[in-house]
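Notes follow once the structure below has been shown.
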Amino acid sequence: MSTTIENPAVPKQDKVKAKLTFAGVLRSEWVKVRSLRSSSFTLAGAAVILVAIGLIFAATFGSDSDGANGVTDPTGVTLTGGMFAQLIVGVLGVLTISSEYSTGMIRSTLTGVPSRIPVLAGKVAIVVTVVFPVMLASAFVVFFSGQAILSGKGFPSAKIGDAGVVAALFGSAVTMTGVAVMGLALGALMRNTAAAISTLVGLVFIVPGLGSLVLPASWRDDFLKFLPSNASDAFALITPPSNLLSAGAGAAVFAAWVIVPLLAAAVGLRVRDV
C-alpha cells in the first residue's frame with residue numbers, strides 16, 4: 001500500500017489554488033460537452049440542416065422561377081440553410097450553461113472555481129472550438145456539392161477561387177459560431193433554458209421580420225440593419241443588399257451583439273448568487 005506524504009511547508013490553500021488553472025477548467029468543460037449526447041446530436045443536427053437545406057435549394061432552384069439564370073449569388077443559394085443552423089447552434093449555446101442551472105450542477109462547478117469568470121471563459125472557448133470547425137466544414141461541403149448541382153442543371157455556379165466565396169464560407173461559420181456564443185451568454189444571464197431560447201429566437205429571427213412589417217418605411221432600414229442577422233449578412237454575403245451596413249461595420253455590430261451580452265453575463269455570474 002502506497003502512502004501519500006504531504007509537504008507541510010506548502011499551505012493547503014496554496015495547493016488548492018495551484019489546481020485552479022484555466023487548462024483544468026477547459027478540460028472540465030470539454031468533458032461536460034463530450035459526455036452529453038444532446039450536445040453531439042445538436043451540433044450534428046445543425047451540420048445536417050445546413051447541408052440538407054442547401055442541397056434542396058440547389059436541386060430545386062429554378063423550378064418555380066423563369067429568371068433563375070440571372071442569379072447573382074449562387075454561393076448564397078447553397079448557404080440558405082445557415083439561417084436554420086443558427087437556431088440549432090444557438091440552442092446548443094444556451095444548453096451549455098442553462099442545463100447546469102436546471103440540474104444544480106452549477107453549484108459544484110462554481111465551488112471548484114470560486115472566481116467564476118474562468119468557467120464562463122472556458123465554456124465560450126469550448127463552444128467556439130466545437131462549433132466553428134464543424135460549421136465551416138459543413139459550409140464547404142454544401143458549397144461544393146450545391147455548386148455541382150447548379151452547374152449540372154445549367155445554372156450559373158461559383159468556384160472556390162471566385163471573389164468573395166471563401167470569405168462568405170468563413171463568414172457563415174463565424175455567424176453561426178457567434179449566435180452560439182450569444183445563446184451561451186443569454187443562458188448565463190437568464191439561467192432558464194426556455195427564456196434564453198425564446199429571447200434568442202426573437203432577437204435573431206422574429207424581430208427582423210416583424211420590424212419590416214410594422215416599422216414606418218422611414219425608420220425601417222436604419223433600424224433593421226443594426227440587428228444581428230442583418231449585420232452578419234453585411235459581411236457574410238458576397239453581394240449584400242445596398243440597405244445593409246458595410247462589411248466592416250456589419251462585422252463590428254455583430255461582434256457587439258456577441259460581446260455585450262457576454263460581458264453582462266460575466267458581471268452577473270460574478271455578483272449574483274447561484
Main-chain N/O of [Y] paired with [X] side-chain donor or acceptor, under 3.5 Å:
| X | Y | result |
| --- | --- | --- |
| Arg270 | Ser115 | yes |
| Ser28 | Gly24 | no |
| Asp162 | Lys159 | yes |
| Arg272 | Leu189 | yes |

Using the salt bridge (charged side-chain N to carboxylate O under 4.0 Å, His left out) rule, collect all pairs that involve residues 83-101, keeping only residues at least two apart or in two chains.
->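 The answer is Lys32-Glu100, Glu100-Lys123.
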
Pairs where residues 229-243 contributes a residue and the test salt bridge (charged side-chain N to carboxylate O under 4.0 Å, His left out) is met, not counting sequence neighbours = none

Taking side-chain contact (heavy atoms from CB on, under 4.5 Å) as the test, write out the residues that go with [X], two or more places apart.
| X | value |
| --- | --- |
| Leu36 | Ser38, Ser39 |
| Leu203 | Met182, Pro228, Trp257 |
| Arg27 | Ala23 |
| Leu26 | Phe22, Ala125, Ile126 |

Partner residues of Ser172 under the side-chain hydrogen bond (donor to acceptor under 3.5 Å, both in side chains) criterion, sequence neighbours left out | none

Got a sec, which residues hit side-chain hydrogen bond (donor to acceptor under 3.5 Å, both in side chains) with Asp221, two or more places apart in sequence or on another chain?
->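 By the side-chain hydrogen bond (donor to acceptor under 3.5 Å, both in side chains) rule, Asp221 matches Asn243.
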
Just wondering, do Val134 and Val130 contact through their side chains at under 4.5 Å, heavy atoms?
->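 No - every pair of side-chain heavy atoms lies 4.5 Å or more apart.
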
When you look at CZ of Phe223, are more than 12 heavy atoms from neighbouring residues, nucleotides or ligands closer to it than 6.0 Å?
-> no

Side chain to side chain donor-acceptor pair (under 3.5 Å) contacts in which one or both residues fall within residues 129-152, not counting sequence neighbours |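 Output for this query lists Thr78-Gln147.
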
Output every pair passing side chain to side chain donor-acceptor pair (under 3.5 Å) with a member in residues 41-59, not counting sequence neighbours, ordered by first then second residue.
-> none

